[in-house]
Amino acid sequence: MLDIKYLRKNVLEAEQRLQNRGVSPDKLTELLTLDKERRDTIQSVENLKADRNAASDKIAYAKRNKEDASDAIAAMQKVSAKIKALDLRQTELDDQVQNLAAHFPNLAAPDVPVGTDEAANVEQRVWEPENYQSRPHALLESPEWLKAHYDVGEALGILDFERGAKVSGARFLYYVGDGARLERAVYNFMLDEHRKEGYTEMITPIVVNDSAMFGTGQYPKFQEDAYRVEGLDQTYIPTAEVPLTNYYSGETIPSDQLPIKFTALSPSFRKEAGAAGKDTRGLIRLHQFNKVEMVKFTKPEQSYKELESMTNNAENILQKLGLPYHVIMLSTGDMGFSAAKTYDVEVWMPQQNLYREISSVSNTEDFQARRMHITYRDDNNKLQLVHTLNGSGLAVGRTVAAILENYQNEDGSVTIPEVLQPYMGGQEKLVATPHY
RNA sequence: GGAGAUAUGGCACAAUCCGGUACUGCAACGGACUCGAAAUCCGUCGAGCCGCUUAUAGCGGUGUGCGGGUUCAAAUCCCGCUAUCUCCUCCA
């Protein structure tokens, strides 16, 4: 949620910044008009209430002295009727202002490139392992035997998309045998790495209420992509960002505890409405996938430093796994609803010959904190909104996909990245196993 | 799932039956005493949110778990909801 006082006082600047995020200036005018009417109504009703409070005192005083107060009561009956009508009007206007404001995306930080889509994104840096040139995957033209991760997985008998579709539907799968073991190794490795960086590990509810979904900005605008429990005020989380960030909703965090860092593995559920036909095969786009998430609560002055370090925490995982990647800064048109600034980390997929998003790290500044009412006390003991950040660290399924493509061998086997071998009982390779 | 109870400031509580300025204590803050501190004494203290204005402040509104209703007036009466506790039932 944006600060309506800021919008009121900086109309021209706000119009421009909103336009950068694809919001027409008309919307702002509409909001501010409603807001003005709302404030006028408040003033009228508050004057009446002040009168009524004074009159009520007099009535109470008269009654205590056994005096007649029926004239005053009759007069107040009329005033109260007026107050009731105005209160009703004010509630309507409050709702309208809130509903409208709830659909405004966050404003972008000043250094975010302005653009309408991903074409305006700006590459920040590229990384690949030192010995990467020695592997065939780095060749500009992939060798013929190089397979897509889903073909590797199916040939090894460790990914079963068919049975996933049979039992659940499209975009669901079973991991089988070493596949399940590899997935488990990957997320255990990620959680251990984040723990070393000072993140507190959490296991969260994976069903949350509407107010939590509103708090992080999924609701009210993006309900069609969510798995909502029918007839209940509950939704299967699209990301652990929701329960992790809402952990402190409505609370004041003691300022000496900031910054606070959480990490959690959770399944993520997405309907992928509007993505029909995209990435229909493999682990890239599923209705249910595992993700290790990172969340931070910080003071405003430290949030951008923490954004950089959170991005580095995501990169660290890929570096230790030896997977090539690059980091891009998203443009104003490509960022998510709640973000003020976002870095995407994209991993190299040699068979597709392109980078795929494997992590998205955002600073939402006080946008989510204002929706959730998460505050701290500053040096003057005044309540201020915290800044919240979130990032994937990383999408587990996509990491498995990247390993299968980057570490596959000509004989169809897959070498297990060294850092994962201790998590797989010392196993060094995935080879085809008899299957069920 | 069934029955009962509870929800009031940072904390602990009173007022609820029978509607009329939300009591008191602790904590906190300011001051006195003291070389200093403790103790003691005096004073202040409804957080947050909203609006207005002469804007580091002042005034007003709101505010007794949440949402409604009745009333000139609701912590108090009525309806709905949520959470917590106890017991029963069930269960991993």
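Since this is a predicted model, take the numbers as computed values, not measurements. Sequence lines set the chain letters: A, B, ... in the order given, protein chains first and strands last, and positions in each chain run from 1.
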Applying a 3.5 Å limit to both distances, which nucleotide forms a Watson-Crick or G-U wobble pair with [N]?
N: B/G36; result: none
N: B/G51; result: B/C59
N: B/C11; result: B/G25
N: B/C87; result: B/G2
N: B/U64; result: none

With sugar-phosphate meaning primed atoms plus P, OP1 and OP2, does [X] contact a base, only sugar-phosphate, or nothing at under 4.0 Å between heavy atoms?
X: A/R370; value: nothing
X: A/K5; value: sugar-phosphate
X: A/A50; value: sugar-phosphate
X: A/I59; value: base

Are [X] and [N] close enough that a side-chain N or O sits under 4.0 Å from OP1 or OP2?
X: A/K84; N: B/U70; value: yes
X: A/R8; N: B/G51; value: yes
X: A/N53; N: B/U62; value: yes
X: A/S80; N: B/A73; value: yes

TODO: Can you measure from CD (A/E365) to CG (A/D3) and round to the nearest 0.5 angstrom?
DONE: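 One gets 12.0 Å once the value is rounded to the nearest 0.5 Å.
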Task: Reported NZ-to-NZ distance for the pair A/K296 and A/K261, which is rounded to 0.5 angstrom - done: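 Between A/K296 NZ and A/K261 NZ, I get 5.0 Å after rounding to 0.5 Å.
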Side chain of [X] - closest among [options]:
X: A/Q77; options: B/C50, B/C72, B/G48; answer: B/C72
X: A/R39; options: B/C72, B/G51, B/G61; answer: B/G51
X: A/S56; options: B/C72, B/G51, B/G61; answer: B/C72
X: A/R377; options: B/U62, B/C72, B/G48; answer: B/G48
X: A/L383; options: B/U62, B/G51, B/G48; answer: B/G48

Between [M] and [N] - [atom1] atom distance, rounded Å:
N: B/G20; M: B/U71; atom1: C1'; result: 12 Å
N: B/C72; M: B/G10; atom1: C1'; result: 36 Å
N: B/U21; M: B/U6; atom1: P; result: 24 Å
N: B/U86; M: B/G31; atom1: P; result: 47 Å
N: B/A74; M: B/G67; atom1: P; result: 15 Å
N: B/G9; M: B/G48; atom1: P; result: 14 Å
N: B/C33; M: B/C52; atom1: P; result: 46 Å
N: B/A12; M: B/U64; atom1: C1'; result: 16 Å

Open item on the list: Are there over 12 heavy-atom neighbours, none belonging to A/R8, within less than 6.0 Å of that residue's CZ?
Closed with: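 Yes, because the 6.0 Å sphere around CZ of A/R8 holds more than 12 heavy atoms from other groups.
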Open item on the list: For A/E308, I'd like to know if atom CD has over 12 heavy atoms of other residues, nucleotides or ligands within 6.0 Å.
Closed with: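 More than 12 within 6.0 Å, yes.
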Open item on the list: Less than 6.0 angstrom from the centroid, inside 45 degrees of the normal: does A/R371 satisfy that with respect to the ring of A/F214?
Closed with: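 Flagged: A/R371 positioned over aromatic ring of A/F214.
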Open item on the list: Here's a test of your reading of the structure: between A/L88 and A/A72, which maps to the more 5' nucleotide of RNA chain B?
Closed with: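 In this pair, the answer is A/L88.
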TODO: Let me know, please, whether A/T375 or A/V45 comes out on the 5' side of the other along RNA chain B by nearest nucleotide.
DONE: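 Nearest-nucleotide comparison on RNA chain B picks A/T375.
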Open item on the list: For a quick check under 3.5 Å, do A/Y343 and A/E315 share a side-chain donor-acceptor pair by atom type?
Closed with: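 Result is no, nothing qualifies.
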Task: A/Y236-A/Q288 side chain donor-acceptor pair, cut-off 3.5 Å - done: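 There is no such pair between these side chains.
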TODO: State whether the distance check finds a donor on one side and an acceptor on the other, under 3.5 Å, for side chain A/Q43 versus base B/G51.
DONE: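 For A/Q43, whose side chain was compared with the base of B/G51, there is no donor-acceptor pair (under 3.5 Å).
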Euclidean distance, atom [atom1] of residue [X] to atom [atom2] of [N] [Å, nearest integer]:
X: A/L93; N: B/G51; atom1: CG; atom2: P; answer: 13 Å
X: A/R38; N: B/C49; atom1: CZ; atom2: C1'; answer: 11 Å
X: A/I73; N: B/G20; atom1: CD1; atom2: P; answer: 15 Å
X: A/E46; N: B/U62; atom1: CD; atom2: P; answer: 8 Å
X: A/D87; N: B/G51; atom1: CG; atom2: C1'; answer: 14 Å

